Number of protein chains: 2
Amino acid sequence: MPTLSEVAQLAGVTAATVSNVLRHRGRVGAETRQRVLDAVKTLGYRPHLAARALAEGRAPTIALMVSSIDNPFYPEFALAVERAARESGHFVIVCNTNEDPATGRAYLDQIAGTLSEGVLVTNANLDFADLHKTEARGAPVVLCMWERPQEPPGLHCVAVDFRRAGELAGAHLVELGHRRIGAIVGSKVSGIHAARYAGFVDALHAAGLDAPAARLRQAPDSVQGGYAAARELLEADPGITAIFASNDLPALGALHAAADLGREVPRDLSVTGITDIKPAREARPALTTVAVRTAEAAELAVGLLRDLLAAAPDYEGAARTAPRVLVVPEPRLVVRGSTGVAPMRE
Amino acid sequence: MPTLSEVAQLAGVTAATVSNVLRHRGRVGAETRQRVLDAVKTLGYRPHLAARALAEGRAPTIALMVSSIDNPFYPEFALAVERAARESGHFVIVCNTNEDPATGRAYLDQIAGTLSEGVLVTNANLDFADLHKTEARGAPVVLCMWERPQEPPGLHCVAVDFRRAGELAGAHLVELGHRRIGAIVGSKVSGIHAARYAGFVDALHAAGLDAPAARLRQAPDSVQGGYAAARELLEADPGITAIFASNDLPALGALHAAADLGREVPRDLSVTGITDIKPAREARPALTTVAVRTAEAAELAVGLLRDLLAAAPDYEGAARTAPRVLVVPEPRLVVRGSTGVAPMRE
DNA sequence: ATGAAAGCGCTAACAC
DNA sequence: GTGTTAGCGCTTTCAT
């Protein structure tokens with residue numbers, strides 16, 4: 001692979017000039033510029049990104065920490081991140097923590113600040129202490145999809161009003177006449193989704209309904225998890241006419257459980273999710289859910305990271321600003337086939 | 001961030017020694033080693049990967065080119081790639097081409113050989129010419145999930161016997177007594193899946209059946225694509241009792257089409273896919289499909305890339321070996337709920 | 001408008 | 001065993 005100085009030699013100039021031409025820096029004579037450009041072309045020169053990273057003191061990559069791309073949400077998010085990152089010339093290194101803090105720490109220790117200039121974190125079960133350490137070392141960290149805008153995490157973040165999302169789903173079910181509504185929320189490991197449930201409960205309260213613990217189940221963030229929880233709920237209390245799930249995957253599982261229990265959706269049972277991942281649109285019936293603007297969240301996160309990077313090139317010490325919180329525009333209800341008016345009381 | 005020489009200074013040695021300690025190279029006195037290790041710890045030193053990459057002439061990353069992580073296959077594959085890559089100390093940069101050759105080219109031009117030392121390519125609709133150019137520049141390329149082991153692409157690759165996969169699916173349907181079987185294969189853009197269809201046809205022929213063009217449809221590799229194609233097939237010829245889809249996503253779409261047309265699966269209609277992606281296991285009924293060993297393919301691909309890298313550090317010119325073809329162990333039929341014995345003729 | 005020179009943080013010969 | 005010396009390919013002041 002040709003180097004800068006080879007190009008320089010061919011063009012009869014010095015490496016500095018070639019660099020200037022390529023980076024549109026400094027003033028270069030029109031004719032010289034042309035010679036350089038020609039040399040670049042004939043040699044097929046391409047800048048060596050690692051060398052540039054070293055010289056500039058910053059690598060053109062960002063690390064995206066995810067818990068497991070096994071969950072369809074992450075690829076969707078990653079896609080949006082990559083698109084946004086590319087606009088600022090960044091490549092995305094995907095780091096799968098598998099929900100294991102040690103793996104996450106290993107990733108952070110290795111690349112943050114040395115091979116990637118910033119870090120984006122989705123719910124990857126990382127130690128906040130590790131994230132702070134990473135920041136302290138000079139690599140900005142942005143938390144994505146933070147659940148509680150009102151309760152900043154002490155790190156830069158992009159937050160989604162998930163309480164509101166839960167409220168929208170709850171209100172929708174209430175409006176349809178449902179009175180006995182089961183709820184499935186995340187488990188300890190998949191994130192408890194307290195804000196989402198709180199919003200749901202708010203909606204019930206607003207309608208004078210209560211949300212007894214007997215109608216609440218925790219489940220992993222998966223189809224299977226939701227399936228099991230929904231079965232439990234429905235078997236324990238056949239009077240339940242609707243299920244609120246704090247995430248789409250478990251909601252999809254609830255759909256399956258309903259089918260297996262001989263309950264037709266939405267005639268006998270309504271189901272709602274939160275997020276609006278692709279499989280929600282493809283389910284039968286398609287899932288009514290509260291859409292979270294994933295792509296916008298990704299763009300905000302990348303933008304925030306870029307701001308932080310620009311504000312403080314080495315980002316050390318006092319240059320660090322107070323944690324910033326960006327809120328993703330309000331989630332919105334998407335009514336599809338999985339919800340309908342509550343069946344008549346008998 | 002502390003540097004090598006800061007560590008060296010603190011330990012009262014020179015940078016070279018610290019490097020040796022850290023890389024377990026050369027002979028270093030036990031006591032010195034300890035002093036160095038202490039210094040590393042107190043300073044919280046971490047090697048600067050970009051600097052190391054420059055000095056070593058190779059970056060610790062590989063690029064994974066995918067068409068769009070929108071399709072659940074890619075995340076599953078990417079996950080396996082990342083796992084395997086980590087074992088050889090590589091990070092994975094995900095490059096989404098969106099099926100656009102120009103985007104792919106831009107990615108290759110930028111990172112191959114400069115920020116990533118090798119490239120893994122899934123069906124990303126890249127120009128082979130671009131891939132060859134990349135190889136010529138010194139960055140090995142491995143094609144993943146090549147469709148026809150018998151027909152090497154002129155590049156290193158990991159191949160899957162998809163013809164065999166099609167044959168397994170076809171034979172399964174034939175055995176169940178199906179005689180009029182519709183087929184849905186990939187479209188031009190999503191890959192035509194000729195080998196898979198050929199295998200399917202072989203299975204029919206082996207049973208003395210034919211596969212008329214009237215029972216063949218092309219569709220994009222998506223649920224919607226499969227849905228539309230299946231509807232067409234079923235409406236054009238209601239006598240069809242089974243559908244062979246060359247991929248899981250369209251097969252899932254066929255399941256939906258059956259439901260909409262009032263045909264119960266598997267009683268009135270059987271459906272098969274190929275790959276065994278996660279949504280296939282989660283569908284209702286679960287999809288009968290031919291499982292392709294995705295994780296193994298990923299491991300083989302990463303292993304092959306590593307071999308190529310080891311064989312020829314700069315990988316230029318004559319060092320390049322003849323294209324190697326690794327075949328993923330035979331695909332296997334996974335019978336689930338979407339297939340059953342053919343309905344009686346009336 | 002262009003060149004000279006220093007240096008980013010690390011590795012790798014080779015010398016002592 | 002440990003230090004010295006060159007770079008890796010690029011960017012970036014600072015002269016000219």
Side-chain angles (χ1 to χ4, degrees), chain A residues 1-37 39-40 43-60 89 110-115 117 137-138 313-314 316, chain B residues 1-37 39-40 43-60 89 110-115 117 137-138 313-314 316:
Chain A
M1 286 207 338
T3 71
L4 243 207
S5 35
E6 288 171 7
V7 173
Q9 202 175 341
L10 179 59
V13 296
T14 185
T17 301
V18 178
S19 177
N20 280 333
V21 169
L22 262 28
R23 333 200 65 224
H24 313 283
R25 290 277 170 76
R27 303 137 283 281
V28 182
E31 192 226 351
T32 314
R33 138 171 281 107
Q34 195 50 53
R35 275 212 321 283
V36 167
L37 259 19
V40 163
L43 254 31
Y45 168 81
R46 300 170 313 135
H48 192 296
L49 265 28
R52 178 177 283 180
L54 180 57
E56 286 187 325
R58 58 206 216 76
Q110 284 195 83
I111 57 173
T114 75
L115 195 61
E117 58 167 343
R137 275 196 309 248
D314 351 315
E316 304 206 43
Chain B
M1 288 207 335
T3 70
L4 244 207
S5 36
E6 288 170 8
V7 173
Q9 203 175 339
L10 179 58
V13 295
T14 185
T17 302
V18 178
S19 178
N20 279 334
V21 169
L22 262 27
R23 334 197 66 229
H24 311 284
R25 290 275 171 76
R27 301 137 287 280
V28 182
E31 193 226 351
T32 314
R33 135 172 284 108
Q34 195 50 53
R35 275 213 319 284
V36 168
L37 259 19
V40 163
L43 255 31
Y45 168 80
R46 300 171 314 134
H48 193 295
L49 265 27
R52 178 177 283 181
L54 179 58
E56 286 188 325
R58 59 206 215 75
Q110 284 195 82
I111 57 172
T114 75
L115 194 62
E117 58 167 343
R137 275 196 309 247
D314 340 319
E316 303 206 45

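Predicted model only: the values in this text are computed from it and were never measured. Worth knowing before you read on, the calculation uses all heavy atoms, side chains too, and leaves out hydrogens, waters and symmetry mates. Order of the sequence lines fixes the chain letters, A, B, ..., with proteins taken first and strands second; residue numbering starts at 1 for each chain.
Note: NE2 (B:H48) to P (D:dG9) measures 18 Å, nearest angstrom. Spacing between atom CD of A:E117 and atom P of C:dC8 amounts to 19 Å, rounded to whole angstrom units. Across the protein-nucleic acid pair, B:L4 atom CG and D:dG3 atom P stand 13 Å apart, rounded to whole Å. When the C1' atom of C:dA12 is taken as reference, atom CG of B:N20 falls 9 Å away, rounded to whole Å. The distance between atom CG of B:L115 and atom C1' of D:dC8, rounded to the nearest whole Å, is 15 Å. The CG-C1' distance, from A:L22 to D:dT12, rounds to 15 Å in whole Å. Rounded to a whole Å, the CE atom of B:M1 is 8 Å from the P atom of C:dG9. Taking atom CZ of A:R27 as the reference point, atom C1' of D:dT13 lies 13 Å away to the nearest angstrom.
With C:dG9, C:dT2, D:dG9 as the candidates, the nucleotide lying closest to the side chain of A:T3 is D:dG9. Across C:dA5, D:dT2, C:dG9, the shortest atom-to-atom separation from the side chain of B:L54 is found for C:dG9. Taking only side-chain atoms of A:V13, from C-beta outward, the nucleotide of C:dG3, C:dA12, D:dG9 with the closest atom is C:dG3. Among the nucleotides C:dA12, D:dG9, D:dT11, the one closest to the side chain of B:R25 is C:dA12. For A:T17, the side-chain atoms get nearest to C:dT2 when compared with the rest of C:dC10, C:dT2, C:dG7. Residue B:T32 has its side chain nearest to D:dT2 when only C:dC10, D:dT2, C:dA5 are considered.
Residues B:A30 and B:E56 both approach DNA chain D. Their nearest nucleotides, taken by heavy-atom distance, put B:A30 toward the 5′ side.
Here B:R33 contributes atom CZ and B:H24 contributes atom NE2; the two are 7.0 Å apart, rounded to the nearest 0.5 Å. Taking CG of A:N20 as the reference point, atom CZ of A:R25 lies at 8.5 Å (rounded to 0.5 Å). Residue B:T14 holds its OG1 atom at 10.5 Å from CD of B:Q9, rounded to the nearest 0.5 Å.
Taking side-chain N and O atoms only, B:R23 has a distance below 4.0 Å to OP1 or OP2 of C:dT11. Phosphate proximity of C:dG9 to A:T114: absent, as no side-chain N or O sits under 4.0 Å from OP1 or OP2. Checking the phosphate oxygens (OP1, OP2) of D:dT11, a side-chain nitrogen or oxygen of A:S19 falls inside 4.0 Å. At the phosphate of C:dG9, neither OP1 nor OP2 sits under 4.0 Å from any side-chain N or O atom of B:R52.
At a threshold of 4.5 Å between non-hydrogen side-chain atoms, the residues A:R52 and A:R23 count as touching. With a 4.5 Å cut-off on side-chain heavy atoms, B:L22 and B:P47 do not count as touching.
Across all strands shown, A:T14 has heavy atoms under 4.0 Å from base atoms, whether or not it also approaches the sugar-phosphate.
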